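Worksheet for the structure shown next.
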Amino acid sequence: MSLLALDDVGKNFGGLVVVKNLSFTVEAGQRVALIGPNGAGKSTVFNLITGVYPLTSGRVLFDGVDITHLPMRRRIGLGVARSFQNIRLMGHLSVVENIMLGQQPKAGGLAALLTPYRLMPRHRWIEEARAALDEAGLGAYADLSVDSLPYGVRKRVDLLRAVVANPKMLLLDEPAAGLNERETEDLHDALMAIAAKGVTLVVVEHDMHFVDRLCERVVVINFGEKIAEGTMAEVRASPLVREAYLGGDATVGAGHA
Ligand SMILES: Nc1ncnc2c1ncn2[C@@H]1O[C@H](COP(=O)(O)OP(=O)(O)OP(=O)(O)O)[C@@H](O)[C@H]1O
Ligand SMILES: [Mg+2]
């Protein structure tokens with residue numbers, strides 16, 4: 001049984017067909033990329049999996065459960081976590097407080113998390129958050145406000161916020177966007193370490209070199225429809241993919257506006 005299965009999924013916004021007859025599966029422990037041109041529907045697929053939008057048609061199964069009609073909170077509880085294309089951290093809060101927001105699903109909600117934080121500064125959630133920051137090499141930033149951090153560090157904190165929920169599957173929407181070479185390398189290592197703990201990764205990303213190194217399998221969509229699936233080498237060889245996305249020099253993805 002696959003960890004994630006999209007079964008004939010469709011999504012319309014008004015008259016606009018954004019996702020069409022989309023089926024693919026992700027096995028537990030896999031590192032999978034979802035790629036395609038700008039506007040292909042990649043972020044929308046993540047929004048359908050996580051419950052941001054209702055499906056127009058089809059089903060989504062996660063870990064044996066039909067989650068098609070479950071609210072977002074329930075899906076998070078089942079082990080689905082994500083990062084957004086635009087970082088969603090609380091800029092005025094400290095790094096450790098932002099990490100604690102990510103612990104909510106397992107801590108039993110915000111109140112359980114923050115109230116003890118005020119009353120008992122050494123509460124186990126803080127210790128766990130600090131340990132996670134230390135393990136990620138971000139311990140030095142723990143007490144700084146997120147607003148004061150360089151972009152690359154904010155991206156790492158955003159990732160860690162998703163990871164501390166102990167998800168079974170992590171959906172990452174353009175994690176390498178805006179990162180320099182060194183930061184991209186650090187991100188690669190961080191994601192391999194997360195995957196090594198058994199977390200299944202689904203990554204939307206335009207940096208094809210990054211995708212090639214990280215992911216074992218690639219699903220390519222164009223205008224909301226799957227046009228290829230397989231290893232990077234296999235999808236690169238597809239004429240449909242070359243025409244729609246990885247044209248000419250297939251080592252580089254389409255430029256991202
Ligand atoms: N809430 C919405 N209402 C109407 N149209 C939407 C909505 N969200 C997305 N779309 C449209 O759906 C299409 C797919 O958008 P989506 O953001 O999923 O693409 P994407 O593959 O993530 O693109 P990019 O690589 O630029 O991030 C676009 O035409 C977009 O304008
Ligand atoms: Mg997108």
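On a predicted model such as this, the values are computed, not experimentally measured, just so you know. Side chains included, hydrogens not; waters and symmetry mates left out as well; all remaining heavy atoms used. Each ligand, and each atom within it, is numbered from 1 in the order the structure gives.
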Set of ring-ring contact (aromatic ring centres under 6.0 Å, His included) partners for F223, sequence neighbours left out: none
Close N or O approach (L16, ligand 1; < 3.5 Å): no
Show me, pair by pair, the donor-acceptor contacts under 3.5 angstrom made by side chains of residues 25-35, not counting sequence neighbours?
| residue | atom | partner | partner atom | Å |
| --- | --- | --- | --- | --- |
| E27 | OE1 | S2 | OG | 3.4 |
| E27 | OE2 | S2 | OG | 2.8 |
| Q30 | OE1 | E27 | N | 3.1 |
| Q30 | OE1 | R217 | NE | 3.4 |
| R31 | NE | L214 | O | 2.6 |

Nearest-option assignment for atom 23 (O) of ligand 1, heavy atoms, candidates G39, G14, G36: G39
Pair K155 + D158, salt bridge at N-O below 4.0 Å: no
2.8 Å cut-off (strict), protein N, O or S atoms about the Mg ion (ligand 2): 2
Within-cut-off N or O pair, G41 and ligand 1, under 3.5 Å: yes
Distance-only donor-acceptor check, side chains E97 and S94, under 3.5 Å: yes
Listed partners of Y53 passing ring-ring contact (aromatic ring centres under 6.0 Å, His included), at least two apart: F13
Atoms in ligand 1 flagged as close to N38, the criterion being non-hydrogen separation under 4.0 Å: 23 (O), 24 (P), 25 (O), 26 (O)
Cationic N near anionic O, under 4.0 Å, E135 to K197: yes
N-O pairing of R154 and D147 below 4.0 Å: no
Which segment of T44 sits under 4.0 Å of ligand 1 when only heavy atoms are counted: both
Within-4.5 Å side-chain heavy-atom neighbours: Y245 and N222: no
F13 N/O under 3.5 Å from ligand 1 N/O: no
Atoms in ligand 1 flagged as close to E174, the criterion being non-hydrogen separation under 4.0 Å: 25 (O), 27 (O)
Option nearest atom 11 (C) of ligand 1 (shortest heavy-atom distance, choices V18, N47, L48, V19): V18
Salt bridge flag under 4.0 Å for residues D63 and K168: yes
